[in-house]
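Written below as structure tokens is the structure these notes are about.
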Amino acid sequence: MAAKDDDSSFDPCENNVSFPKIEESILEFWKQNDIYQQSLDQRAGQERYVFYEGPPTANGKPHPGHCLTRAIKDLFPRYKTMRGYFCERKAGWDTHGLPVEVEVCKELGIHAKEEIENFGVEPFIQKCQASVWQYMQEWEQLTERLGFWVNLDQAYVTYHQSYVESVWWSLKNFFDQGLLYKGHKIIWWWAQGGTALSSGEVGQGYKTVKDPSVYVKFPLLEKENTSLLVWTTTPWTLPSNQFAAVNEKIDYATVYDPQEDHYLIFAADLVEKIATKMKRELEVKSTCKGSELVGQRYQPPFDYFYKTDGDQTGTLKSGGTESRAWRITSADFVTTDSGTGAVHEAPAFGEVDYELLVSERERFIEGEGPNLICPVGPNGKFTAEVPDFEGQWVKDADKAITQKLKETKALYLLDQYEHEYPFCWRADDDPLIQYPRESWFVKTTDFKDKMLANNQEINWLPDHIKNGRFGNFLESNVDWSLSRERYWGTPLPIWVCSETGKMEAMDSYDSLIAKPGATGMEVWAAAKEANPELVEDLKVHKPYIDAITYDSPFAAGATMNRVPEVIDCWYDSGAMPFAQWGYPHQGEKEFKEQFPANFISEALDQTRGWFYSQLAISTLLFGDDPDIKFPHPFENCIVLGLMLAEGYVCAKCSHRHADQVKKCTECGGKVSRKTEKMSKRLRNYRAPNEIFDQHGADALRWYFFANQPPWTSIIYSERAIKESIPEFLLRLWNVYSFFVLYANIDGFSPSSISAAGQLNPEAISTGTGCRPVSERGELDRWLISELNQTLKVVTERMDQYDNYAACTKLSGFVDSLSNWYVRRSRDRFWAEDKQDVDKLDAYWTLFETLATICKAIAPFTPFISESIWKNLTKSFGAGATQSVHLCDYPMANEGLIDETLSRQMSLLREIASLGLSARMNAKLKVRQPLSGVTVVLNNQTDQAWLETHDDLLKTELNVRAVTYTTDAGEYVSYQIVPNFKLLGPRVGKLMPKVKGAFAAADGKAILESLSQTDKAVLDVDGTEIELTEDDVEVRLQANEGWAAAQGSQAVIVLSTELTPELIRAGLTRDMVRLVQDYRKELDLRRTDRIRLTIETAAEELTQAISENQDYLAGEVLAAEVELGAVGAQSVSREIGEYALKLSIEVV
RNA sequence: GGUCGUGUAGCUCAGUUGGUUAGAGCGCGUCGCUGAUAACGACGAGGUCCCAAGUUCGAAUCUUGGCACGACCA
């Protein structure tokens, strides 16, 4: 954008604008001048707008979904800053947890926990810490390139000591209140990784798999030759069987299998199904309710425990005794959807099974109920209690167990069953198992009501999240399973007495080492000495923290040792409202000033993640504080939809194509468009950087903001991103470059403005030749009115976090600006007299509009607006605000909104559009002047106004005259229709008849009656209905035979008769076009004056030219127009059937 | 199976409290413009508003029940 002419007020715009190139230079400008910091400094002391950054993990590459979150996170803080708020934006990084460990394991080529232990926890942790920053650069680059203004230099990091200690403080708080407890639960267990997974993590790993489906005979002890037929998809749990469950309400059949000469009991509804599967005739002997089966004893398929404990009984609380296990019980969850209607229960390996055990145990007096059978180790392998399968990984043992069942004839049927089963989300091949485990829990269930109340006060967008997904999740709240038996995470700050088992929680490193007898700190000191590069923060991590012990206050001579667990990394991120400041050990001021957040935003998958962890921790910690009102820790939350990729997939061979092609490049098959999940594996999306390089960050941002509400799923389609450019960015750019072009040609300069500052309307009004808006022409007043109307809507919508509606409004305005204001004002800019008042009005109006709209779009498309701003303010030097992002957001001046004018102009535009439509239908090109049009309005309210705009219509439609008529019976017929909204409630059921009566009535007569007496009477089946003007809507129907077009408010009729004079005028316009073409061909400057010579034998042309010589000369900037022989430098052209030669000479 | 959401033009989506000609952009077609020019504009074709029942004078809109898709959870 090098200035060719330093005298001009604006740098010329390049013809072929490259947004990515502009953006690079703007980034440089922001950096050089520290605009972000300035935008903050300028608001210091103002009311805060608090934003929390949900920390991403930087150990993977950022993908398009991150662009969306970062774009939305940028939009509202920018907007609010311009609205005058002080909005600091602290970046953050989520650094702990399984994802990091798994990455490091991959790098090391190891997998299981034992392998990590063999590698050594200390070097492993060090690797984790380093790995966290692996893609840091890419993240920072993306953040900057997208224009996401956030303070990266002072980012919070979840592994930092201060952060960890904040988390400790909150945990100690819970511990001291008894809210942190160790419990025994069935959890989803990742055996290879040796850790539990949270429900959110489990949810991410479901896959469809085929598992064996086994139907096993459980012989009943009290019934000869009869078995309960039990079904399971996890044969490996059968050795641990403790009960069989039926549903009391279901009917069970006793069937006879002749082939085996054996009786089987299972759900009556399933007899046919199972008979089909077995390809056997099964004979139903009798049926009974499930309740009749309850209590019967059976022999389990494996006797590892049964052989010793099979006869044990216990005393019931209700009196009497019952066998402890291996009998039929009842459970509601048993259905006949699949299987046999009888379910095998291994309480160790199923949550519902475990609950059943617990409720069974409660029937017995203390100590006499059934114990939990669990012959599987934490590594997922069978223990010595099951010698036949000892050491086998349970899932692998399925086969051997099935084989064994076959041998003992316990197996009745073997089948396959397809279902969803969870796998470890980070290690795809590892199936999870349900497993009993001791784990630390946070007692969130005690706070359910408070969390629900807190939730009610949050403004969720979209609002169905509140009582839908999030609300439901809170309703079914279970205690937070907090601990992880892993390595890289915030250590659980609890120390246990070696003697008494009593525990204490620590809230900081200092308070820990200040404990009497504290020792073990030298382990860290030694490591640090060996490697001074080690970051200090590691000292609060495993294994260093584990080394620290102190004297037990509970028993003399005993030591306090830390428990081995680390915590769920969701807890880390949920603690960020206070932990980002290190509160309460430090940062109290910052915390108090910036709690709660006004605004956060993440994608839908964070419902159970960050949204929940924040709300839960905050409610537990601060929910009872009378000074802290709900909602906290966030007030407004935009829940973004998932981002989908667009793919082109061959129907035949499934080959994937990156771009839209019709035929498959591999097999020639038909390729169809498909939207699907983004997947690293399929590489079905373009890297964000490629989008930035080709289309620019503003294009991507605008696409995100303006194409759909942010909570719908967004298709990341390069094609769509590209297409959104001409619609808005380029259109605005064209208007702007049009302005710059002519302002420079005319020497228009805004530099006369005193105190330019932010180029507010008041400042602009001081410019030389700038008249008050009220004195300017209609078109100018209309534009300013639309502009203010736009600002009004945009600020209203943005205050409601509705960026989509705001963008729609902005886009509509830019369209009006380009396609009506500039188009209709072009000749004003071309006026000869540089001091012409109307011309200056046009410049000032357009200048003000550009300056204002540029500020209005700044939060959305920060680059292009900055670029325009810099050029518009070029002539003021330091007199104008340096960056558009340092300006206040433009607010509507409602006094300048003229609703009537707006309505009238839209009517005028409709009439113009109808005129063009009529021309089109009559095949009369716009270049051909016509003698006139006749306009017939449905409603005369605005006729007088329209009549004052004849000139505009004349130019737009290229006609000589515009006439309005009310008596247009010749051209149109009047059709009247009822105003349903008004008449409906009044006449009720009569409405269909009224409608008929309207159709049958003489429209014109009724209209006349209305216009004369303000009322009319309609006869509907003998009932007279009195009508007022409002009850009737008029529709005009153009009669046949006219070149006419009808719209909702008017009919336009063209005079199609072409006089020779009109034809010649048309020829002249053709001539103008030819000359302009030729000028361009000769590469003349726009301001070059020429001598034009035309040579033609066509009489019609000669006459046309001489008749319209002045017009022609004016249009093509010809000093002279000569009819006669051309010289050697000429071209031959044709207009219709006429041939001619042209020559041009610059004078 | 449960919860939530979505279903409107070839594609992506709007459609305010129910009101009778259902809109936009892109794409497509036809044409125009040629001093915003590797732009720009106009016009047009294209819709059983997923289906069914109900409420109502009147339903894309409200109710109920289906169907399909998606997400989350079991």
Side-chain angles (χ1 to χ4, degrees), chain A residues 13 15-17 199-200 202-204 206 333 335 337 351-352 420 422 462 464-465 467-473 475-476 604-605 607-608 641-642 644 646 673 675 677 706-709 711-715 717 719-720 722-724 726-728 730-731 733-742 745 804-805 808 811-812 815 818-819 822-823 826-827 829-830 912-921 923 925-927 956 977-995 1033 1035 1045-1048 1069 1072-1074 1076-1077 1079-1080 1084-1087 1115-1117:
Chain A
C13 297
N15 277 343
N16 201 356
V17 58
S199 61
V202 174
Q204 287 180 55
Y206 275 87
F333 58 80
T335 66
D337 291 344
E351 207 178 331
V352 288
E420 300 276 305
H464 61 74
I465 299 284
N467 293 316
R469 188 171 290 199
F470 196 73
N472 287 340
F473 178 61
E475 284 287 354
S476 56
L604 190 62
D605 55 359
T607 312
R608 285 142 192 277
L642 295 177
L644 300 173
E646 185 182 46
R673 185 170 166 280
T675 54
K677 279 189 184 174
N707 273 53
Q708 59 275 305
W711 46 83
T712 58
S713 53
I714 293 174
I715 297 166
S717 141
R719 186 181 51 83
K722 195 174 152 189
E723 279 166 4
S724 78
E727 210 175 288
F728 181 74
L730 196 57
R731 194 171 279 164
W733 189 264
N734 282 331
V735 172
Y736 155 71
S737 73
F738 173 90
F739 169 82
V740 167
L741 181 66
Y742 288 102
I745 287 175
Y804 176 63
T808 306
S811 193
D815 181 62
S818 168
N819 290 332
V822 171
R823 197 153 68 90
R826 276 193 283 203
D827 52 1
F829 292 97
W830 301 334
S913 166
L914 286 172
L916 289 166
S917 168
R919 289 196 75 116
M920 178 74 92
N921 292 333
K923 296 214 185 318
K925 58 183 179 181
V926 181
R927 225 160 27 213
E956 184 69 15
V977 284
N979 180 338
F980 288 92
K981 209 168 183 171
L982 275 178
L983 282 172
R986 232 167 76 199
V987 305
K989 294 200 181 197
L990 223 50
M991 202 63 215
K993 285 181 178 165
V994 172
K995 190 181 173 185
E1033 274 172 25
R1035 290 213 185 113
Q1046 62 179 359
S1048 60
R1069 280 195 60 164
V1072 170
R1073 181 193 164 185
L1074 281 188
Q1076 302 289 28
D1077 258 358
R1079 280 186 65 121
K1080 201 162 79 184
L1084 301 193
R1085 277 178 300 186
R1086 289 170 226 279
T1087 46
E1115 289 292 303
V1116 303
L1117 283 185

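Just the heavy atoms: all of them, side chains too, but no hydrogens, waters or symmetry mates, feed the values below.
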At under 4.0 Å between heavy atoms, what does [X] touch on the DNA or RNA strands: base, sugar-phosphate, or nothing?
X	answer
Val977(A)	nothing
Ser818(A)	base
Tyr804(A)	sugar-phosphate
Val994(A)	nothing
Pro709(A)	sugar-phosphate
Val1072(A)	nothing
Ser737(A)	nothing
Lys995(A)	base
Leu983(A)	nothing

State which of [options] makes the closest approach to the side chain of [X].
X	options	answer
Pro985(A)	rG19(B), rA14(B), rG41(B)	rG19(B)
Leu730(A)	rA36(B), rC40(B), rA71(B)	rC40(B)
Met991(A)	rG19(B), rC40(B), rU3(B)	rG19(B)

Expressed as a whole number of Å, how far does the [atom1] atom of [N] sit from that of [M]?
N	M	atom1	value
rG23(B)	rC49(B)	P	14 Å
rU30(B)	rU21(B)	C1'	23 Å
rA9(B)	rA22(B)	C1'	11 Å
rA45(B)	rU6(B)	P	32 Å
rC40(B)	rC33(B)	C1'	8 Å
rG5(B)	rA59(B)	P	25 Å

Integer-rounded Å distance: rG58(B) P and Leu990(A) CG: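 These atoms are roughly 13 Å apart.
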
note: Asn734(A), atom CG; rG35(B), atom C1'; distance rounded to Å ~ 14 Å

Check your understanding: Checking Arg1079(A) side chain against Val1116(A) main chain: does a donor-acceptor pair fall under 3.5 Å?
Key ->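 A pair under 3.5 Å: yes.
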
Query raised in the report: Watson-Crick or G-U wobble partner for rC62(B), using a 3.5 Å limit on both distances?
Result: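 Here rC62(B) is engaged in a pair, and the nucleotide opposite it is rG54(B).
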
Self-check item: Strand partner of rC69(B), provided both Watson-Crick or wobble distances fall under 3.5 Å
Solution: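 The answer is rG5(B), by the H-bond criterion.
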
Taking N and O atoms by type only, does the side chain of Arg1073(A) place a donor or acceptor under 3.5 Å from a partner on the base of rU34(B)?
yes

Can you check whether [X] has a side-chain N or O nearer than 4.0 Å to OP1 or OP2 of [N]?
X	N	answer
Lys989(A)	rC57(B)	yes
Arg927(A)	rC33(B)	yes
Gln708(A)	rC13(B)	no

For this session: Identify the two heavy atoms, one from Leu604(A) and one from Ile465(A), that lie closest to each other, and give their separation to 0.1 Å.
Result: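 Looking at all heavy atoms of both residues, the closest pair is CD1-CD1, 3.8 Å.
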
For Tyr804(A) and Ala706(A) the tightest heavy-atom approach is CE1-O, 3.3 Å

Discussion item. Taking Arg823(A) first and then Glu956(A), would you say they form a salt bridge - that is, a charged N and a carboxylate O separated by under 4.0 Å?
Written reply: yes

*Pick the nucleotide of RNA chain B nearest each of Phe980(A) and Arg731(A); which residue has the one closer to the 5' end?*
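By nearest-heavy-atom nucleotide position, the 5'-most residue is Phe980(A).
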
Contacts of Pro726(A) and Asn467(A) projected onto RNA chain B by closest heavy atom; the upstream (5') one is Asn467(A)

